[in-house]
Amino acid sequence: MIKTIMKRCAVLMLCMVMTVGLFGCNLSVNNGKRIVRIAIAQSETHPEYLGLVAFKEYVEERLGDKYEVQIFPNELLGSIQKTIELTQTGAIDFAVAGTANLETFADVYEVFSMPYLFDSVESYKAVMQDTDYMENVYESTDSSGFRVLTWYNAGTRNFYGKKAINTPADLSGMKIRVQQSPASVAMMQAFGAAASPMSFGEVYTAIQQGVIDGAENNELALTNNKHGEVAKYYTYNMHQIIPDMLVGNLKFIQGLDEDELKVFKEAALKSTEVELTEWDKCVEEAKNTAHNEMGVEFIYPDITLFKDKVKNMQQDMIQKNPSIVDIYNHIQEVNKRIGEEK
């Protein structure tokens with residue numbers, strides 16, 4: 001109830017600000033400062049939120065006479081897809097979104113929904129930290145009015161639910177929430193489960209009421225979003241490693257002068273640095289809390305059984321979407337190099 005009231009107040013405030021803008025006033029100025037609004041679905045304890053706090057502090061320390069950064073957590077301004085749309089129009093300036101949410105704007109992002117794309121977390125980080133290469137990917141949404149500034153680690157995605165999942169056969173007949181991505185839906189079908197795309201904020205109630213049998217996400221969903229209260233089994237099948245992205249309104253980004261743009265880009269990189277550090281700490285804390293306080297059982301299955309179920313998906317996706325060929329090949333080269341270094 002309190003969360004609903006907070007959402008309504010935040011949306012009302014945003015609507016009032018937008019209305020002022022329609023009458024020719026600067027809709028984002030307060031005491032002479034340009035207000036920079038960032039939307040995020042996660043809570044104030046989440047590593048991504050902590051990264052955004054670092055972003056805010058970095059910008060305000062250097063440009064505090066011009067800019068004030070405001071962060072809206074917990075889907076206060078709407079679902080992730082809604083906040084992307086708000087960022088497109090310039091109603092807000094930044095939003096944190098998963099790559100699955102970006103697929104409808106630039107199909108190159110579909111590659112991240114590919115199961116078992118990365119051979120290891122080391123390969124994943126090596127690709128994402130190659131800013132020169134990733135900049136080409138980030139610019140792919142320019143025609144939609146926004147651009148990615150940086151990435152955040154969202155860990156490995158694994159299954160969790162009301163019953164134990166030890167092998168793909170256990171998924172048969174289960175209704176599993178997935179991100180709103182065609183590739184994720186196809187993946188669930190290959191595993192033998194029924195895919196149920198829905199907003200992340202609806203998952204707890206959907207599991208609780210039996211609308212779905214489980215979901216797939218990282219460990220923090222168990223504690224930060226309290227899914228461990230309704231789903232007592234978490235299976236490390238590690239089917240995807242999908243980053244989250246900080247997307248910014250293109251007109252805002254291009255409207256910054258050279259020095260300001262430098263500060264915002266540095267702030268974005270700083271936020272990723274903080275988020276990566278906080279992520280590892282929070283995952284360990286989440287596992288301990290989920291197991292010891294929520295009674296969640298962690299299962300470590302034979303991953304090859306799950307890989308075999310989706311082994312044809314990579315080539316199928318490449319054939320259907322030429323936009324992912326270059327980045328797919330790039331990732332395979334990194335997988336090979338990291339594998340040889342181990």
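Nothing here was measured: the structure is a model prediction, and the numbers come from that model.
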Take the angle between the ring planes of H330 and Y133 and call it parallel below 30°, perpendicular above 60°, tilted in between.
-> parallel
Got Y160 and F298 here, is their nearest side-chain heavy-atom distance under 4.5 Å?
-> no
Could you walk me through whether V283 and K287 pass the side chain to side chain contact (heavy atoms under 4.5 Å, CB included) check?
-> CA-CA 6 Å; V283 165; K287 289 176 69 174; 4.2 Å; yes
Residues at least two apart in sequence or cross-chain that pass side-chain hydrogen bond (donor to acceptor under 3.5 Å, both in side chains) with K66, listed by chain then number, are E260
Ignoring hydrogens and angles, state whether a donor on the side chain of T272 or T150 is under 3.5 Å from an acceptor on the partner side chain.
-> yes
Would a distance-only check, ignoring hydrogens and angles, find a side-chain to backbone donor-acceptor pair under 3.5 Å from T89 to L86?
-> yes
Do the two ring centres, one from H227 and one from F200, sit under 6.0 Å apart?
-> yes
Short question: side chain of D107, backbone of N321 - any donor-acceptor pair under 3.5 Å?
-> no
Go through the structure and list residues passing side chain to side chain contact (heavy atoms under 4.5 Å, CB included) with A195, not counting sequence neighbours.
-> V178, V185, M188
At what distance, to the nearest 0.5 angstrom, does OG of S120 lie from CD of E122?
-> 4.5 Å
Cluster question for you: counting only ILVMFWY and a side-chain heavy-atom cut-off of under 4.5 Å, with indirect links fine, are I242 and V96 together?
-> no
K309, NZ: over 12 other non-hydrogen atoms inside 6.0 angstrom = no
Heavy-atom distance under 4.5 Å between the side chains of N158 and N218, does that happen here?
-> no
With a 3.5 Å cut-off and no angle check, do the side chains of T235 and N237 form a donor-acceptor pair?
-> no
Using distance alone, with no hydrogens and no angle criterion, decide if N335 and S123 have a side-chain donor and acceptor under 3.5 Å apart.
-> yes
Decide yes or no on side chain to side chain contact (heavy atoms under 4.5 Å, CB included) for L269 and Y58, but give the supporting numbers first.
-> CA-CA 10 Å; L269 293 176; Y58 193 94; over 6 Å; no
Please report the shortest heavy-atom distance between L77 and T83, naming the atom on each side.
-> O-CG2, 3.9 Å
Are S172 and D170 close enough, and set up right, to give a side chain to side chain donor-acceptor pair (under 3.5 Å), and what steps lead you there?
-> CA-CA 5 Å; S172 180; D170 295 324; over 6 Å; no
Among side-chain atoms of S113 and S181, is any donor-acceptor pair under 3.5 angstrom?
-> yes
For residues 310-318, dump all side-chain donor-acceptor pairs below 3.5 Å to protein atoms at least two apart in sequence or in another chain.
{"residue": "Q314", "atom": "OE1", "partner": "Y328", "partner atom": "OH", "Å": "2.8"}
{"residue": "Q314", "atom": "NE2", "partner": "P115", "partner atom": "O", "Å": "3.2"}
{"residue": "Q314", "atom": "NE2", "partner": "Y116", "partner atom": "O", "Å": "3.0"}

Chi angles and distances behind the side chain to side chain contact (heavy atoms under 4.5 Å, CB included) call for N101, I84 | CA-CA 8 Å; N101 301 100; I84 294 174; 3.6 Å; yes
For the rings on Y124 and W151, is their centre-to-centre separation under 6.0 Å?
-> yes
Hey, could you give me the OG/CD distance between S323 and E103, rounded to the nearest 0.5 Å?
-> 11.5 Å
Minimal heavy-atom distance between L220 and A286, with the atoms involved, is CD1-CB, 4.1 Å
State which residues pass side-chain hydrogen bond (donor to acceptor under 3.5 Å, both in side chains) with E219; sequence neighbours excluded, sorted by chain then number.
-> Y236
Heavy atoms, side chains only, cut-off 4.5 Å: are V36 and F264 in contact?
-> yes
Are K281 and E285 within salt-bridge range, i.e. N to O under 4.0 Å?
-> no
Identify whether the distance between the nearest side-chain nitrogen and carboxylate oxygen of K175 and D213 falls below 4.0 Å.
-> no
So, the side chain of H239 versus the backbone of R157: is there a donor-acceptor pair under 3.5 Å, distance only?
-> yes
More than 12 heavy atoms of other residues, nucleotides or ligands under 6.0 Å from NZ of K307: is that the case?
-> no
Starting from the C-alpha separation in whole Å, work towards a yes-or-no answer on ring pair (Phe, Tyr, Trp, His ring centres under 6.0 Å) for Y234 and F159.
-> CA-CA 6 Å; Y234 190 94; F159 291 119; 9.6 Å; no
How long is the span from the CD1 atom in I176 to the OG atom in S184, to the nearest 0.5 Å?
-> 12.5 Å
Take E258 and K262 through the salt bridge (charged side-chain N to carboxylate O under 4.0 Å, His left out) test and state the conclusion after the steps.
-> CA-CA 6 Å; E258 185 176 346; K262 183 174 183 289; over 6 Å; no
Dump the intermediate steps for side chain to side chain contact (heavy atoms under 4.5 Å, CB included) on E229 and Y204, then the final yes or no.
-> CA-CA 9 Å; E229 294 179 351; Y204 181 99; 2.6 Å; yes
Only one of V59, V53, L63 passes side chain to side chain contact (heavy atoms under 4.5 Å, CB included) with V69; say which it is.
-> V59
Would you call E341 and R337 a salt bridge, using N to O less than 4.0 angstrom?
-> yes
Validation row: K162, I207 side chains within 4.5 angstrom (heavy atoms) = yes
So do the side chains of S43 and Y49 get within less than 4.5 Å of each other, counting heavy atoms only?
-> no
Under 3.5 Å, is there a donor-acceptor pair between the E44 and N74 side chains?
-> yes
How far does CZ of R177 sit from CD of E216, to the nearest 0.5 angstrom?
-> 7.0 Å
E85: what forms a side chain to side chain contact (heavy atoms under 4.5 Å, CB included) with it, not counting sequence neighbours?
-> Q81, K82, Q88
Quick one: are D244 and E48 in side-chain contact, heavy atoms under 4.5 Å?
-> yes
Are more than 12 heavy atoms from other residues, nucleotides or ligands located less than 6.0 Å from atom NZ of K163?
-> yes
Find the distance between CD1 (I35) and CD (E68) and round it off to the nearest 0.5 Å.
-> 4.0 Å
Given D93 and R37, is the salt bridge (charged side-chain N to carboxylate O under 4.0 Å, His left out) satisfied, shown in steps?
-> CA-CA 5 Å; D93 305 289; R37 295 180 176 85; 5.2 Å; no
Test item: E293 and N288 side chains (from C-beta on) under 4.5 Å apart, heavy atoms | no
Please collect all ring-ring contact (aromatic ring centres under 6.0 Å, His included) contacts where either partner lies in residues 86-105, sequence neighbours excluded, each pair once.
-> F55-F94, F94-F252, F105-F146
Take S144 and T141 through the side chain to side chain donor-acceptor pair (under 3.5 Å) test and state the conclusion after the steps.
-> CA-CA 5 Å; S144 296; T141 55; over 6 Å; no
Hey, is NZ on K226 packed in by over 12 heavy atoms from elsewhere, all under 6.0 Å?
-> no
Could you give the distance from OG1 (T304) to CG (D302), rounded to the nearest 0.5 Å?
-> 3.0 Å
Does a side-chain heavy-atom distance below 4.5 Å link M114 with I324?
-> yes
